Novice: 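One structure follows; several queries about it will come next.
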Protein chains: 2
Amino acid sequence: MTAPLRRDAERNRQRILESARRLVAETGLAASHDDIARAAGVGVGTVYRRFPRKADLLDALFGAQVAEVAALAEAARTEPDAWAALTGFLGEVLRRQAADRGLRELLTGSPHAGELARSARERIAPTVADLVRRAQEEGRMRPDAEVGDVALVPLMAGAVLAAAPGDPDLAQRALATALAGLAAGEDRDPLPGSAPDAAGIERLLGG
Amino acid sequence: MTAPLRRDAERNRQRILESARRLVAETGLAASHDDIARAAGVGVGTVYRRFPRKADLLDALFGAQVAEVAALAEAARTEPDAWAALTGFLGEVLRRQAADRGLRELLTGSPHAGELARSARERIAPTVADLVRRAQEEGRMRPDAEVGDVALVPLMAGAVLAAAPGDPDLAQRALATALAGLAAGEDRDPLPGSAPDAAGIERLLGG
DNA sequence: GCCTAACCGGAGAGGGTCGTCCACTTGAGC
DNA sequence: GCTCAAGTGGACGACCCTCTCCGGTTAGGC
């Protein structure tokens with residue numbers, strides 16, 4: 001496609017990516033091009049030249065991680081115990097989000113999110129739908145829960161993570177609480193209202 | 001204490017409060033002094049003179065509402081069914097938060113929150129602790145849940161509210177899910193990790 | 001070694017927020 | 001009605017962010 005970069009340019013590109021990764025993991029997606037340039041020891045112009053829009057930078061930073069998450073979902077699909085697969089998947093994603101503030105913001109609907117996260121959600125959605133259906137057939141998940149309810153769970157756990165970034169175990173506990181609320185059980189009150197449909201989920205998580 | 005304001009000054013003060021209330025309910029606590037001045041039709045200087053710090057303005061705006069919430073908690077304490085009282089209280093608070101973005105941010109640990117919210121939490125805490133104890137004695141709440149877990153619930157529901165401000169019913173559904181996770185039930189997996197203690201809760205919600 | 005296209009850095013324009021300051025206006029006591 | 005303290009408003013300085021532009025530098029083909 002594009003001609004390979006000159007060696008110095010490629011070197012700078014890598015330095016920018018490394019610094020940006022560190023910075024975004026700590027301070028979130030709002031890290032400015034200026035901050036990144038300073039951290040990388042290059043001029044702002046260089047950052048803008050290589051990554052004109054924030055989305056370009058985020059694609060380069062998070063492409064691999066987002067693909068991994070999608071792969072995790074697909075791996076979960078093949079597990080025999082659907083409920084365990086679903087909870088395990090959500091726990092693992094939360095663990096990764098705890099380690100990287102940027103990933104958390106990317107996956108939980110910050111305004112900076114964009115196309116990358118959208119396509120990941122699109123890839124993950126059918127898997128989650130399948131797991132939900134099977135977990136209900138297994139009798140592990142309450143029958144009045146829907147895919148939309150599962151979509152709310154990372155949002156809820158993510159809020160705890162955001163409030164206590166230093167205590168990932170607390171977010172896991174919040175996750176467990178929410179999932180316990182979706183688990184099957186005797187004489188539970190039905191959930192009020194209705195879960196969001198696909199479009200609603202997209203609006204929720206898409207910013 | 002302070003001398004009464006001149007009549008024109010008092011009139012401006014009221015106009016500022018009215019405009020600020022409307023603005024903050026819609027756009028949140030981040031509304032700038034500038035925005036408020038423009039909405040009220042006065043100069044920025046006037047707003048700063050009357051409310052030098054954002055906290056001064058918020059106290060004037062939300063003092064009554066926060067006191068009401070605290071009163072609700074105390075009323076809940078007298079109900080015979082502790083679990084119903086607890087869930088009812090949380091639902092009502094969430095309803096109020098849905099109607100006012102400023103109140104949501106104030107009560108769910110935004111950086112702008114401050115002293116007002118802190119004192120309200122202090123007032124509410126013993127009531128919630130009492131309700132939790134009684135709900136567990138009633139056998140309605142799982143025994144391994146703690147006050148700290150209940151403190152996470154508004155945070156979780158608040159995240160849904162923030163993501164879908166136009167759909168308060170969805171937040172109520174998320175609230176119901178989280179509460180269902182804290183309800184008593186047969187052979188539930190214990191919650192992992194440990195709930196935050198009083199200091200942890202303060203850190204979580206206090207910003 | 002030379003040449004030039006690619007690349008570099010950072011100054012600076014444009015736009016936003018916060019909070020201050022002071023020349024002007026106005027209410028209210030006499 | 002006069003006086004003056006209280007009150008007003010918005011211009012302004014200080015700061016931050018985004019993005020562009022261009023004079024100077026450098027890699028790498030010849």
Side-chain angles (χ1 to χ4, degrees), chain A residues 1-20 22-24 26-61 101-102 105-106 110-115 207, chain B residues 1-20 22-24 26-61 101-102 105-106 110-115 207:
Chain A
M1 301 288 272
T2 48
L5 291 176
R6 227 169 66 176
R7 211 187 289 156
D8 55 342
E10 180 56 33
R11 192 172 50 235
N12 273 340
R13 203 184 106 96
Q14 291 307 327
R15 287 171 62 185
I16 291 168
L17 283 175
E18 278 165 39
S19 299
R22 219 171 308 131
L23 205 60
V24 168
E26 281 168 25
T27 67
L29 302 184
S32 73
H33 285 212
D34 244 293
D35 292 337
I36 293 167
R38 212 171 309 124
V42 303
V44 217
T46 305
V47 180
Y48 275 101
R49 193 170 327 103
R50 219 46 76 200
F51 306 101
R53 303 150 153 279
K54 175 149 286 172
D56 300 319
L57 183 54
L58 295 183
D59 285 357
L61 282 180
R101 178 166 166 187
E105 293 182 7
L106 195 74
S110 98
H112 304 275
E115 186 53 26
Chain B
M1 305 285 272
T2 49
L5 291 177
R6 229 168 63 176
R7 210 188 287 154
D8 56 341
E10 181 56 34
R11 191 172 53 236
N12 273 339
R13 203 184 106 94
Q14 292 307 327
R15 286 172 62 185
I16 290 169
L17 282 175
E18 277 165 39
S19 299
R22 217 171 308 130
L23 205 59
V24 168
E26 281 168 25
T27 68
L29 302 184
S32 71
H33 280 64
D34 245 294
D35 293 337
I36 292 166
R38 211 171 308 123
V42 303
V44 216
T46 304
V47 180
Y48 275 103
R49 193 172 329 102
R50 220 43 78 200
F51 306 100
R53 303 151 153 279
K54 176 149 285 170
D56 300 320
L57 183 55
L58 296 182
D59 285 357
L61 283 180
R101 180 167 165 185
E105 293 181 7
L106 195 74
S110 98
H112 305 274
E115 187 52 26

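Just so we're clear, the structure is a prediction, and the values are computed from it rather than from any experiment.
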Novice: Once side chain to side chain donor-acceptor pair (under 3.5 Å) is applied, do any residues pair with A/Arg101, and if so which ones, sequence neighbours excluded?
Specialist: A/Glu105
Novice: Looking only at the side chain of A/Val42 (C-beta and beyond, no hydrogens), which of the listed nucleotides D/dG9, C/dC18, C/dG9 gets closest?
Specialist: C/dG9
Novice: In whole angstrom, what separates B/Phe51's CZ from C/dG19's P?
Specialist: 15 Å
Novice: It should be established whether A/Asn12 places a side-chain nitrogen or oxygen under 4.0 Å from OP1 or OP2 of nucleotide C/dC8.
Specialist: yes
Novice: Which residues in residues 31-39 of chain A have a heavy atom closer than 4.0 Å to any atom of DNA chain D?
Specialist: A/Ser32, A/His33, A/Asp34
Novice: Within the structure shown, what part of the strands sits under 4.0 Å from A/Arg11 by heavy-atom distance: base, sugar-phosphate, or nothing?
Specialist: nothing
Novice: With the side chain of A/Arg7 defined as its heavy atoms from C-beta on, choose the nearest nucleotide among C/dG27, D/dG28, D/dC19.
Specialist: D/dG28
Novice: Does B/Arg49 have any side chain to side chain donor-acceptor pair (under 3.5 Å) partners at least two apart in sequence or in another chain, and if so, which?
Specialist: none
Novice: Hey, which of these two, B/Arg49 or B/Asp8, hits DNA chain C nearer its 5' end, going by closest nucleotide?
Specialist: B/Arg49
Novice: Rounded to whole angstrom units, what separation is found between the CZ atom of A/Arg15 and the C1' atom of C/dG9?
Specialist: 12 Å
Novice: Strictly below 4.0 Å, N to O, side chains only: are A/Asp35 and A/Arg38 in salt-bridge contact?
Specialist: yes
Novice: Counting side-chain heavy atoms from CB outward, which of D/dG7, C/dC8, D/dT8 is closest to B/Thr46?
Specialist: D/dT8
Novice: For B/Gln14, run the side-chain hydrogen bond (donor to acceptor under 3.5 Å, both in side chains) check against B/Arg11, B/Glu18, B/Glu10 and tell me which one passes.
Specialist: B/Glu10
Novice: Does a distance-only test, which skips hydrogens and angles, find a donor-acceptor pair under 3.5 Å between the side chain of B/Arg6 and the base of D/dA6?
Specialist: yes
Novice: Applying a 4.0 Å non-hydrogen cut-off, can you work out what B/Arg50 is touching in the nucleic acid: base, sugar-phosphate, or nothing?
Specialist: sugar-phosphate
